Every structure is written in C-alpha cells, then in structure tokens.
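Below you'll find the structure, written out as structure tokens, and then a few comments.
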Amino acid sequence: MYAKIVVDVNAKRVDKLFDYAVPAELEKLMAVGMRVVVPFGPRKIQGYVIELFEGDSDRQLKAIHCIQDVTPELNSELIELSAWMQKTHIAKRIAVLDVMLPNAVKGKYHKVYRLVDEDVPENIKVLFNKQGMKKIGECSLNDITLLRPLIESGEVIEDIDVSQQQRIKTQKAVTLADMDVDSALNSLRTDKQKSLVELVADNKIMTLKELKDMDYSPAVVNGVVKKGLLKKIDVEDVRDPYKDRVFFADEKKTLLPEQQEAYNAVKEAIDAERNDVFLLHGITGSGKTEVYLQTISDVLDKGMTALMLVPEIALTPQMVERFKARFGDEVAVLHSGLSAGERYDEWRKIRSGEARVSVGARSSVFAPFKHLGLIIIDEEHEASYKQADYPRYHARDIALWRAEYHQCPVILGSATPSLESYARAEKGVYTMLTINERANQFPVPSVHVVNMREELAAGNRSMFSETLTTAINDRIQKGEQIVLFLNRRGHAQFMLCRDCGYVPQCPNCDISLTYHKVTDDLKCHYCGYKEPKVLKCPSCDSDHIREMGVGTQKVEELIYKHFDGAKVIRMDNDTTTRKGSHERLLSQFKNGEANILLGTQMIAKGLDFPNITLVGVLNADTMLNLPDFRSAERTYQLLTQVAGRAGRAEKEGHVIIQTYNPDHYAIEHAKNNDFLGFYNQEMQFRKVGKYPPYFYLVNLVFSHRDMKEVLLESRHIHEVLLQHLSPGSFVLGPAPCAIGRINNQYRFQIIIKFKSEPDLLTALMYLDDYYYDKFVKDKFSLSIDINPQSMM
DNA sequence: AGCACGCCGACT
DNA sequence: GTCGGCGTGCTC
C-alpha cells in the first residue's frame, strides 16, 4: 500500500503530493485524512494522507514513520475542498489545510535527544522521559556534559519529535472487567459495592467524578477494582465552556405571514434536498433568527446536520443562549474566545456526530459535518467573513461550495445585503425572500440627521450637537438608556503640532503614528514600531504639540463633563480584550448599572435591550471618506445596524446621526431605512466605476525594499497580465498603494477588473509560480487577493 | 521551509 | 592545510 501525502512545509516548492510506502503493520489502521509523520529529506515532519493506493512502485519509496491520529482529522469532503481552494485561491495546499483544522491539531516540532538503548546508568536514564526523549532546548549545560560521551558513542541520537499541541483531556473512569455480572455480585459482601457494580453494569462507563458525586468514595471503588470486578480506564473528557450555565428550553414562536412564506420556501428546498441559495432580506427586528431556528429544527428532524455562520462580534452570549435553549446539547459553538482545547472539543463533537448544529464565526465554515442539510450565513454582507490574510478565503464561497457538495440549500440573511448578493437575487441566481414587517410589531425608530456644519457655524464646537445634547439629557432624566456610537475606523488619535502642523510619522511606514493613552506612547499599527510621546515638536521645537482626534476614552471624559447624571460603560478594543469582559460589560449595562453605552463597531450588533430609547451616531462620515469603493455601502450598513439598536420594545426609539455630509445618499437612505433606494443609486456608481457586482476584481500587491525595483517589476507584471488576459478585461496600475510603504517595504498595486475571464486562474498561477523564485531570492513579495473586500 | 553539500577566504 | 561564510539545490 502507498499513500499520497501533503507535507507540513509551507513552501511553494514542496506544494505537491509526495508518495510514501505504508508499512505492513500500519496498513490496517491507515485511512485517508489521517496525519502521519514521514521522513522528509534529512528530517521528520508531519503530513496529511490525501490518497491511498495499491500497486507496485518502481521507485524506492520511503516509508511512513508513524500515525498521529486514530480517527482521521479530515474527511474526503474537506480533502476535496482543500484541492479546490488551492486552485481557486492560488494558495498552498498545506496553508489551506492549516486554516481548515483547529489549532490544537497542528503539529509542534521539537529537537530531542533520543535514548537508543534503555540499558544505561540510572543518572543518565532519569534525564529522559518514558519515551526515552529529552528536549534539546531543555538541556542544561550539565546535562549536555553528561550526555556528550553517549552522543559520540551513538547511544543517544538527535531526533525530531512531532507532537500534538493539545492533548485530549482524559478522565479516570471505571467499567466492568471481563466477568459475569451475576457471579460477580455474589462474591461481594456489602450493599454499597453491589449497587456500585450494578450501576456500572447499567451505565457501561462511570467516571470517578460522577461516582464521587453519587457518594461512592474512592475507597469503595478501589476495593471493587482490587477484587477484579471493575477496571479503571481513561475516557475522553469533553470540556464544555457553557456547562455551568442553565439554558431554558425555548419554544417555537408563531411565524408572521412573511416569515412563514420565507420558511416555507426554505423548507421545501430542505425536503427536496435541493442546492438552492436563498437571500433572506429582512429588516432589523423582522425575526430572521426565528426562521433560522425553525428551518434548522426541520433539518435535525430529518436526521441531518446544519451549519450556521454569524460574524464574530455578533456571537454574543444572547445568540448562543438562544440556540442552546432550542437545541440543547446538539449545538457546538465555535468562536475566537475559546481556548485551543475547547475549540478542538467542539470540533470533535461535530465530527463524531454528537453535535449536529454549529454556530460559529468564519472558520467554522469548515466544521466537519456529515449529511449537511442546511447552511445559514447571517449578516451575509459582513466583511469579516473574508479572511484578511493568506489564504484569503471568503466563508460565503466555501459555504456555497459545501452546499453544492451536499446538495443542500443555503440561506444568506441580512437586513442590508451585499450588493453582490442582492444583484444575484435580482437576476434570479438566488431566490429572494423578503420580510418587511417587524416581528415584534413595534414601530421602526425615527431617525434624525444633524448637520454638523450648521452646528459649527452656530458656534457649537463640541462633538455633541444641540439636538443630541437635549435628547441625552432627556433620557438620563427619564431613566432610559442611551447607546453612543463612535466610528473609529480611520479616525485614530495622533499627535499634531499646532504651530507647524507636524504629525509624527512611522520611520518604517508611510503612515502617522497612533497615540495610545493607556501606555502613553506612539505606535505604528502596521509594523508595531513604538516611540515615547513627544513633548516638543521635533520639527519646530514648539511645545504646542498634543494629541488630536477623538478616541472613545476622550469621548467618555467629555460625556462626564457635558452631562450631569451620566454613567458610562465604554466598549472598545481596550476594554474587551480580556476573556468574558464583553459579556460582563453588556450585562452591567443590561442591569442598569449605567445609562450610556459608548463604543465602536462592536456595539452595532446584537444588543437587544428594551430600555434603549436613544441611539446617537457621533461621527457618521469617517467611514464615508475612506478611499474605497465600498465606503458608501459600509456606511449604509453600519448606520442601519446601529439604528436597529433603538426601540426594540414598547418604548419608542430615536436615532440621531451627526454628520458633515447630511445629503450623502448613503446617509439619506439609511435615515429612511430605504435599502432599495440605496441599492439602486449605489449600483449606478458601481456600473460607472466598473466595480462589483458589474465587474470582478483582483488586487495584486507587490512589495520590496527598493522602490525602483518594485516599480519596474510591477510594470513587467502588468505587461504579462495584459498578454494573458482577454481584451475585455482591465489591468490598472501599477500605482502606489494607499499606504505606500509598510515596514520599509515599498508597495505597489495592480488591479484587474473583468466580467468573465476563463484564463484568470491560469494567469495568476503562472505569476505565482514563475515569480516565486525571484520573489524568494530577491525578497520580493506578491500578494494576490481575489474578490478583495477592501482595496487598501 | 530546513538542511546538506560545496566552493572560496582567513586563520592555526 | 582546516574552519566557517552562505549560495544552491533537494526533499517521495
């Protein structure tokens, strides 16, 4: 037997399948998808079994060294998917496999000394572990002196140990020993021991912890074990991060007519096992989640599985609670807050079939389900579904591939669909499902736009307009709650000299340094460069240099100064990095420990508190002015989402949007909650600008230390692309990137725009291959982003 | 990516 | 004469 293996070496040159012989003693155990350790050149590394085949090989093949799993980590679907991703994402197979699997699975390599012969003096033997290994990194000088003669004589050799990062957690348990239960019971004297054996006989396996909880002391258990009636074993201990929480069973809610219609359409596709894609366009508060829950429930009833994706920041305890309440232990939750071990446990629950529903962020799209009956992507427009770094996959693409593989339907849900998806639904590629009425029947909040230019003209230079100030004071007095949203993207704090206008820049990148109040220093967000806060302007020696721009901290201070009786909870990256802090802050707000919740992007989603009657958007424009073709779309989506936080209950909600561009169509349509109006206008702009969904985009970024070289080389690549691509496509550039230099690497970009380009992948693969050696040798780097989410 | 092999300069 | 610099090339 032979095996085709992907080796764990992240290099283009070895991005192919290697053939190995399977040793006779491993043939029975060997399965596709397993991880194995193989000799590779002079060393030993981990690899994935992609294919097994029989027959003679005329080549002298090396043999697989050992297996790493008993149950394969990958199934044949994921293997096929990885091949597809390798091709369509211009990515290395191993890099693709790496993002598919949970971190705990990935191998760790240690250089070790290995004891060849066990028969050595005791003082040497104690240095080694049970497997006769000793990590070289853990050797003291003394150890090495001791070992040196043995290394020279060959009794100890250098080797590489491939180990798993995260061991499966085990627990001690007991089970029946091989023996007749009745005769066993007869041989026991005490009732306690008898009942213990009966209990174990009934349950097959009981952990010691369970027994202890049932008042069987270790002494009793050990006594029976000693008699040979029970035996101790290790069982896998599945960590459940939510195990201490009690979930109340959640009942099906009656669907409103529009919900029902959407549900019926999906249900029909589920039953027919048809690979339909639905775009569920439902305004905020229209009860999309209830539709998801009921369709999932149907899938489970059919004995199939369901995968649901939500944006990372929407994966709040509230959301999880709702799923756990409806489906109980059948739910696996996958998000970034889990430890590697917890994540792996959830993964294994899915693989074994113990969990049949998953709720998770982007990477959970690879969850190893069998018999998928439905895939749901909630908030399908969210940019976070696209992985920002290599391999740049979009969870939506993966979901569509998997749905086709399983022949099951997909629901793309959103209140503000991406233009790409909406256009496809309009064309009939996807099935459009619309919900226009709110499930709770409460009125849509009223939206008021404040023109900050007028405020400024009227002499109000604070960041709170007259209207907002009045509204905030009113809510504080009534004891109602307020959410204030500060759009921080592209609006970090920096230092500015008031005399000469100097702004401290990163010496390695073409970007100004960001001021961090917590550490009181200046940092570069791109390369990590750090320097102390400057007290005197390095340019003109003036001491009128100070922090500019508003951060949430600054706004918090201003709120306390501006409003009596304000009690603020601030949510941003600084206050929510600790595990569980997100949840804690929200529950504090929910309990009324504060009346103002101030935050960035992360508060735009999911919070659903009845007492919020006012939502203020402090600066609606910052996102609008970003040099990106999606900036209007992003602004519209964000404003709609933020507005959705108000009036989720009986009390009427108000939204106040402060902006310097009150007439911008993104803001106007957001104000009127008019998606179609926005869509039509934005589509015009996309059509004229030759942007998605009219054209597909590929963003190529080249970087190198030497500006001249990178410019010359990218010009050449421009030529190559023109030759390879069809006349209907556009190749723009090379032009300097928006941030022209990062970490002393000059950056140029080329943008490809095309409607249909059958040779695209071939051309890109050619670039990736042909230039690879050059890029390695001359430290050039090329990044290829197909369907980029951002052009910056 | 690692690691070995190999072919040149500065040292005992 | 040899130790070590890192360019080159290979890994089933």
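What you see is a predicted model; the values in this text were computed from it and never measured. Side chains included, hydrogens not; waters and symmetry mates left out as well; all remaining heavy atoms used. So you know, we letter chains A, B, ... as the sequences are listed, proteins then strands, and number each from 1.
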Distance flag, aromatic centroids of H704(A) and Y746(A), threshold under 6.0 Å: no
Against the six-membered ring of Y529(A), is K523(A) placed for a cation-pi contact (under 6.0 Å from the centre, within 45° of the normal)? no
Please list, for nucleotides 5-11 of chain C, all pairs of protein and nucleotide N/O atoms separated by less than 3.5 Å.
unit_1	atom_1	unit_2	atom_2	d
dT11(C)	O3'	G41(A)	N	2.9

Rounded distance (Å) that lies between atom P of dA1(B) and atom NZ of K12(A): 12 Å
Per-pair distances, 0.1 Å, donor-acceptor, side chain in residues 358-369 of chain A, under 3.5 Å, sequence neighbours excluded:
unit_1	atom_1	unit_2	atom_2	d
R362(A)	NH1	S384(A)	O	2.7
S363(A)	OG	R343(A)	NH2	2.6
S364(A)	OG	G360(A)	O	3.4
S364(A)	OG	A361(A)	O	2.7

Send over the distance from K4(A) NZ to dC12(C) C1', rounded to a whole Å. 9 Å
Is a salt bridge present between E155(A) and R114(A), judged by a nitrogen-to-oxygen distance below 4.0 Å? no
Heavy atoms under 4.0 Å, any strand shown: does D19(A) hit a base, just sugar-phosphate, or nothing? base
Please state how far atom NZ in K92(A) lies from atom C1' in dA1(B), giving the value in whole angstrom units. 9 Å
Contacts of R43(A) meeting side-chain contact (heavy atoms from CB on, under 4.5 Å) (sequence neighbours excluded), chain-then-number -> V9(A), F40(A), I45(A), I160(A)
In whole angstrom, what separates K44(A)'s NZ from dC3(B)'s P? 13 Å
Does the side chain of D15(A) come under 3.5 Å of the side chain of Q86(A) through a donor N or O and an acceptor N or O? yes
